[in-house]
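Structure first, then comments.
Only a predicted model underlies this, so the values are computations on that prediction, with no experimental measurement involved.
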Number of protein chains: 2
Amino acid sequence: MHTRRYHHGDLRAALLTRAEQTLREKGPGALSLRELARDLGVSHAAPSRHFKDKQALLDALALAGFERLAAALTGSREAAGEEFADRLAALVRAYVGFATGNAELLDLMYTVKHDPAASDALITAAHQLGAMAEEMVAEGQRSGEVRQGPVDAIAMPVFTTLHGYASFAVSGVLPAAEVESGLDAVIAYMLRGCAPS
Amino acid sequence: MHTRRYHHGDLRAALLTRAEQTLREKGPGALSLRELARDLGVSHAAPSRHFKDKQALLDALALAGFERLAAALTGSREAAGEEFADRLAALVRAYVGFATGNAELLDLMYTVKHDPAASDALITAAHQLGAMAEEMVAEGQRSGEVRQGPVDAIAMPVFTTLHGYASFAVSGVLPAAEVESGLDAVIAYMLRGCAPS
DNA sequence: ACCTGAACACCGTTCAAGT
DNA sequence: ACCTGAACACCGTTCAAGT
């Protein structure tokens, strides 16, 4: 009854938590199932009960990332005002904030998968993010703040710009010091792409 | 004199060529220095003469990717007309074409590096791509086809959109069948972001 | 200068066996 | 159901030694 095994059924969650920590601190190359097991005090074979292989763990990590990012975007919407420009700015700041705060994870989320079967869930998760952008654009069209036309022909380029900016920030192409200051120009450019007539 | 060792000094090049091939065919996870050495008929320790470690090989691969991408973009410029819209479209198509044709490599090129020292060359290479976009925008400003203002406040969002689109195409978020058909909307959106007044 | 061969300390994955 | 321990077939990296 004392010091009973750490995991009474949540080894899976513990593995994910620890894995994300080492992903953040040491990068994806340093992620080892055996080391994870060691850190958590289980045998090196234990993780295989919960993840059929290393890629399955990485996929689960990426999926959790998409869920947290979606939550952050939803949250940004509530905090924003009613104007389209406000909402867009809030969305952009939330996405870029998540990206810079979780660089390695964002990288993992959008990494080319070589098991196309396993990546279905990830692509669906990414599409849900896109759907949020589409919804925002559609509302902007209704209120007249966004030009008319097929929603995805407007929302997709906007979301693409957003992701490209996040990707540059994450990869270091855009220096950390310039991420914040460059945001205004990017948002203004997006608004120009959305503006009526 | 017969069947003399395959490498009279170009093991380095042979490693890079072979590495890119397996990167393309089997993904980055399947890339092993030992297997590379086996395939090329050298001892497993031979690669270390040319690349201090596996990451150095990956970095060299990424750098070569940037050089080829830069060449492709330069080529697109020569094939395009004089109008800004033409040049932009050609640049976009060249970048996206490279991305879809070299998905794993593009991923590698923009991957988060954990050795900041080694990634300087890669960031510089990415900046050279950005400089090409800036030059194009600057010319568009001179000819009056692009609105006035700080060059980078226009060129950066454009380049960001381009890269985001390529990234979505590469990651599979944008289905392969939609990459071509979505390009027109993206280009139109970019032009709107650049248009005067 | 460039490569080999052996050695070291790791990996991921599988599978019988334990509780 | 969940985990262990041993086993297997790999890794990357280093280093004396060869040519």
Item to complete: Name the orientation class of the two ring planes belonging to H163(B) and Y95(B) (parallel below 30°, tilted from 30 to 60°, perpendicular beyond 60°).
Response: perpendicular

Worksheet item: Between dC10(C), dT14(D), dG12(C), which nucleotide has the shortest distance from any of its atoms to the side chain of R38(A)?
Response: dC10(C)

Discussion item. At less than 3.5 Å, do the side-chain atoms of R49(B) and the base atoms of dT4(C) form a donor-acceptor pair?
Written reply: no

Worksheet item: Looking at H44(A), does any N or O in its side chain come under 4.0 Å of the phosphate oxygens OP1/OP2 on dA6(D)?
Response: no

Worksheet item: Under a 4.0 Å heavy-atom cut-off, which of residues 51-62 of chain B touch DNA chain D?
Response: D53(B), K54(B)

Item to complete: Classify the angle between the aromatic ring planes of Y189(A) and Y189(B) as parallel (below 30°), tilted (30 to 60°) or perpendicular (above 60°).
Response: perpendicular

Worksheet item: Any idea which of dC2(C), dG12(D), dT4(D) is nearest the L33(B) side chain?
Response: dG12(D)

Discussion item. Counting only side-chain nitrogens and oxygens, does R12(B) get under 4.0 Å of the OP1 or OP2 atom of dC3(C)?
Written reply: no

Discussion item. Counting only side-chain nitrogens and oxygens, does S32(B) get under 4.0 Å of the OP1 or OP2 atom of dC11(D)?
Written reply: yes

Discussion item. Centre-to-centre under 6.0 Å for F66(A) and F98(A), is that the case here?
Written reply: no

Discussion item. From NZ of K26(B) over to P of dC10(D), roughly how many Å is that when rounded to an integer?
Written reply: 13 Å

Practice prompt. Could you tell me whether the phosphate oxygens of dC3(C), OP1 or OP2, come under 4.0 Å of any side-chain nitrogen or oxygen in H50(B)?
Written response: yes

